[in-house]
Protein chains: 2
Amino acid sequence: MRTVVGVALSRKTARPPTSTFRIPFQPSLPLHNWSARRFTDMSQSGRHKVVVCRDLGPDAMSLLKATPKLDLVVWPHDRGCDRTWLLDNVPGSTGLVVMLTDKVDSEILGRAGPSLKIVSTMSVGYEHIDLKAAAQSGLKVGYTPDVLTDAVADLSVMLALMASRNIGIATALAREGQWPNHPWSPFTLCGPQLSTIASSPTRKVGFVGFGRIAQATLARLVPFGITHCLYSSNPSSPTNHERDAELARAYKLQSVTKVDVDELARESDFIFVLAPGGRDTYHIINEKFLKQMKRTGILVNASRGTLVDSDALAKALREGWIWGAGLDVVEGEPSVTIDHPLVKEPRCIIIPHVGSATLETRTAMAVRVAQNLIAGILGGSMPAQVDLSGYR
Amino acid sequence: MRTVVGVALSRKTARPPTSTFRIPFQPSLPLHNWSARRFTDMSQSGRHKVVVCRDLGPDAMSLLKATPKLDLVVWPHDRGCDRTWLLDNVPGSTGLVVMLTDKVDSEILGRAGPSLKIVSTMSVGYEHIDLKAAAQSGLKVGYTPDVLTDAVADLSVMLALMASRNIGIATALAREGQWPNHPWSPFTLCGPQLSTIASSPTRKVGFVGFGRIAQATLARLVPFGITHCLYSSNPSSPTNHERDAELARAYKLQSVTKVDVDELARESDFIFVLAPGGRDTYHIINEKFLKQMKRTGILVNASRGTLVDSDALAKALREGWIWGAGLDVVEGEPSVTIDHPLVKEPRCIIIPHVGSATLETRTAMAVRVAQNLIAGILGGSMPAQVDLSGYR
């Protein structure tokens, strides 16, 4: 017997009722009406129950829907999936689609039972999944690296420009109707310039972490006339001198050099934090680092909040150790309230972790999630599978 | 007899007393204490009285101060120069340094008298100077083109990213402590992506006006993966096919094409308005233009407010004809109050005409002003002189 439950995701639910904040009409937001079907009996041979913890948008949902033999059970709200709903629905499933906010621990895996073959997450990180338990159950885990590289690199450049050009203050002037009181003036609202000009021909850019996103950011900065690239990364990994020389040649930079974080802090005009989170990078940007930076230095963090000591950064901004900061991530997010020391700093640009939030990238991530899931269940190679060999 | 009046420009005066808006500490703002001297008797042979309508910052002021035979009279406040002060001080001067906000008409030139040789303005535009009267008096006029190209191009890229990525809304969420109510979600705050990705490999960028700033902006957009460049410019000027082909080749674009504004509106994903003001371009961005744009289209204006019909743009944003807009200029500025229709639009980024507002560029502009002035008085070639031959 099958019970079909129809649910609807409307655009209206994009605004949580607890908030008074107005998010305007989004002409082509891919949220859509989606009818999910819930099957309470999966015992018919050859069919696979798939529990989807969040509507994935039209492209990915159509892909799943068009795949034979999948019976979809979709969380019917436009907010994070309730754990009780997941516990209720996961038994007997073959596939599970989750977000970074859905904890997949041994309880969930136990409730799913031996039918479960794959967990597919819409995220680059997979710290929310108990990889050891997954490996021991012989599961596959899919994730979505790479596709968000460009969106995050775009945003990193934007944050550098916003933080240096006093854009928090500039937009506030216009928004609060203060422009008439601040007519044009030779030096008001001036900040350090990202691009070089004849009278200021050197610009050193530093990267804490030098992976794909950092290198995509570097590529975007080249036509701004930057002259030197410094980076620091895992000290135990060998320096790739050949790659660095090739980057310098291709981009016509005076140098691309791996340095320690102290030299990076001292020498860079703009610093981009684009390294993984975790214990090794915890508070790598601290008082000591910030005190070494230039007074006109700019700090951008578009990786993980834990890399930056928020109190130290707030102090650095308040006391003028550095010029400004642009943050897509803050330690302890989303619990960042108006009392947060960084929210109070006018030279600190804060945006709520929207690094990969473009229609194109989130759609591509969702499609990747669906592809991983389908290949994981029906066979074929998964586009991006977490290597669990170390956990078995 | 000489009367010397010492004045001080303190950082505090950077905040007009009429405003409650807080501009934070600026660690290396080049405003400084500057002592101006006022000479009531300029008859001693070989000396030149120079009236300076605004402190030009340490670099340019030191240059003027170090120049022999100049006696400087400097407006002592960090706000626009009072006309009465200028009328009182201009008699007997050889040189005059002005800003865009200082009207140099026949009354000023008449009061200056036959000793006046040069007017040096810290601006690219010179619509505030009566060029005909200046030409008839045999004056030289210096200005500051080119030096601001890079700063404005930087800002144009930033505005495109801010407008597409919903940054007005995103920063407001963080600023107003609403982040906790808007945790990560697959499609919230998503906007169109400037850069291309595998699943979205085409990006067409349009320029209204294709001069130095537009081309510098184009150069910056290349590593974002844009594929097509469209531009419209003065219809009467011939198309430079050779230059366009060379740009396409150098930047590996599929095309660089001059089109009419209708095609530009229809085809472009991102549109940058970077053309001169004046009658020919008045409201070139109007309802008709905006209605032809893509629903996900982005409009950036970093040239002159008069090119964009503000009411039409507000309607386009309100009704979802386009995705977003980023404006450094607004018609009628600085009289842009909280009642302005564009200030009310959450998808409209507005900043108060800070296109060239970097420490490096404004300093370079100020130095150019001083160099123009010195060459205009003492001889030698002026770095940038307005061609007055048509006015004689």
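Chain A is the first sequence line, chain B the second, and so forth, proteins listed ahead of strands; every chain is numbered from 1. No experiment lies behind these values; they were computed from the predicted model shown.
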Heavy-atom pair count under 4.5 Å with chain A, highest-scoring of B:Thr101, B:Ile167, B:Leu342, B:Leu194: B:Ile167

Shorter than 4.5 Å, heavy atoms on both sides: which option in A:Ala366, A:Pro180, A:Ala219 has the most such pairs with chain B? A:Pro180

Side chain, backbone, both or neither: which part of B:Val330 has an atom under 4.5 Å from a heavy atom of chain A? both

Pick from A:Ala216, A:Ala198, A:Gly355: which one has the most heavy-atom pairs with chain B under 4.5 Å? A:Gly355

Criterion side chain to side chain contact (heavy atoms under 4.5 Å, CB included) against B:Gln193, the qualifying member of A:Thr363, A:Leu359, A:Asp150: A:Asp150

Is there a side-chain contact between A:Cys190 and B:Thr358 (heavy atoms, below 4.5 Å)? no

Go through B:Gly80, B:Ser164, B:Ala364, B:Ser185 and name the one with the most non-hydrogen pairs under 4.5 angstrom from chain A. B:Ser185

Given B:Trp179, which of A:Val343, A:Ile338, A:Ile350 fulfils the side chain to side chain contact (heavy atoms under 4.5 Å, CB included) condition? A:Ile350

Counting only heavy atoms closer than 4.5 Å, note whether A:Asp146 contacts chain B via side chain, backbone, both or neither. neither

Could you tell me which portion of A:Arg362 (side chain, backbone, both or neither) has an atom closer than 4.5 angstrom to a non-hydrogen atom of chain B? both

Heavy-atom pairs under 4.5 Å with chain B - which of A:Asp339, A:Val222, A:Thr171 has more of them than the others? A:Thr171

Spacing of CZ belonging to A:Arg165 relative to CG belonging to B:Asp328, to within rounding of 0.5 Å: 8.0 Å

What residue, out of A:Ile197, A:Leu221, A:Val367, A:Leu100, has the most heavy-atom pairs lying under 4.5 Å from chain B? A:Ile197

Name the region of B:Arg175, side chain, backbone, both or neither, that has any atom closer than 4.5 Å to a heavy atom of chain A. both

Contact part of A:Ser200 toward chain B, heavy-atom cut-off under 4.5 Å: side chain, backbone, both or neither? side chain

Region of B:Thr196 that comes under 4.5 Å of a non-hydrogen atom in chain A: backbone

How far apart are the closest heavy atoms of B:Met122 and A:Trp184, and which atoms are they? O-CH2, 4.1 Å

Heavy atoms of A:Leu173 and B:Pro352 approach each other most closely as CD1-CG, 4.0 Å

So for B:Ser199, is it side chain, backbone, both, or neither that comes closer than 4.5 Å to the heavy atoms of chain A? side chain

Side-chain polar contacts of residues 151-162 of chain B - donor-acceptor pairs under 3.5 angstrom, sequence neighbours left out - could you list them?
residue  : atom : partner  : partner atom : Å
B:Asp154 : OD1  : A:Ser195 : OG           : 3.2
B:Asp154 : OD1  : B:Arg220 : NE           : 2.7
B:Asp154 : OD1  : B:Arg220 : NH2          : 3.0
B:Asp154 : OD2  : A:Ser195 : N            : 3.2
B:Asp154 : OD2  : A:Ser195 : OG           : 2.7
B:Ser156 : OG   : B:Val152 : O            : 2.9

Comparing A:Ser335, A:Cys348, A:Pro186, A:Ala174 against chain B, the one with the most heavy-atom pairs below 4.5 Å turns out to be A:Pro186

Does any backbone or side-chain atom of B:Arg54 lie under 4.5 Å from a heavy atom of chain A? Answer side chain, backbone, both or neither. side chain

Taking the side chain as every heavy atom from C-beta outward, state whether A:Pro334 and B:His182 have any atom pair closer than 4.5 Å. no

